[in-house]
Amino acid sequence: QQYSLEFKSKWKYPDVVKLKLVATINLINRATSLQDIICYKPFHFHKLQGKRKDEWSIYLGKTGYRITCIPCDNMGNIICGDIMFRQKSIQAIKVTGVTNHYE
């Protein structure tokens, strides 16, 4: 919830990251399924590894920041594992963080 546009005034990110984050959130909200997000090449949508193996990442351009997320079903239940074969049917993601990938 803290990453939604209604909390934008409380975001503590550099201005360029705020702009990218707003644009990315708008694009995600307009997506009809996860497939739209995966197919948008600038997002570089990819699976994380290690302790975060059930999370996925979306780049916020060349800012060094990324959105981490977990795909969910329509009831908000987390979908674990390889989601690529289900990408057309997944219509929700849970944002778990917005972080500087290099810190």
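Since the model is a prediction, treat every value here as computed from it, not as a measurement.
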With rounding to the nearest 0.5 Å, note down the distance linking CD in Gln35 to CD in Gln91.
11.5 Å
With side chains defined as the heavy atoms from C-beta onward, is the minimum distance between Asn26 and Leu5 less than 4.5 Å?
yes
If hydrophobic clusters are built from ILVMFWY residues whose side chains come within less than 4.5 Å, do Tyr40 and Val22 share one?
yes
Would you call Trp11 and Val98 a side-chain contact if the rule is heavy atoms closer than 4.5 Å?
no
Atom OG1 of Thr68 and atom CD1 of Ile93: how far apart are they, to the nearest 0.5 Å?
9.5 Å
Do Trp56 and Ile83 make a side-chain contact, defined as non-hydrogen atoms from C-beta onward lying under 4.5 Å apart?
yes
Heavy atoms, side chains only, cut-off 4.5 Å: are Phe45 and Leu34 in contact?
yes
Got a second to check how far Glu55's CD is from Gln49's CD, nearest 0.5 Å?
13.0 Å
Look up atom CD1 in Ile79 and atom SG in Cys72, then write down how far apart they are to the nearest 0.5 Å.
7.0 Å
Please indicate whether Lys88 has more than 12 foreign heavy atoms, meaning atoms of other residues, nucleotides or ligands, lying under 6.0 Å from its NZ.
no
Distance in Å, Leu21 CG paired with Ile25 CD1, rounded so as to fall on 0.5 Å steps
4.0 Å
Distance (rounded to the nearest 0.5 Å) between Cys80 SG and Ile70 CD1:
7.0 Å
When you compare the side chain of Ile37 with that of Ile58, does any pair of heavy atoms fall below 4.5 Å?
yes
Partner of Leu60 by side chain to side chain contact (heavy atoms under 4.5 Å, CB included), out of Ile67, Val16, Leu19
Ile67
Got more than 12 heavy atoms from elsewhere within 6.0 Å of NZ, Lys94?
no
Look at the side chain of Asp36 and the backbone N and O of Thr32, then say whether any donor-acceptor pair between them is shorter than 3.5 Å.
yes
Do Leu48 and Arg66 come close enough that some side-chain heavy atom pair is under 4.5 Å?
yes
Any chance you could lay out the side-chain contact (heavy atoms from CB on, under 4.5 Å) test for Phe43 and Leu27, step after step, and finish with the verdict?
CA-CA 10 Å; Phe43 281 170; Leu27 214 149; 4.1 Å; yes
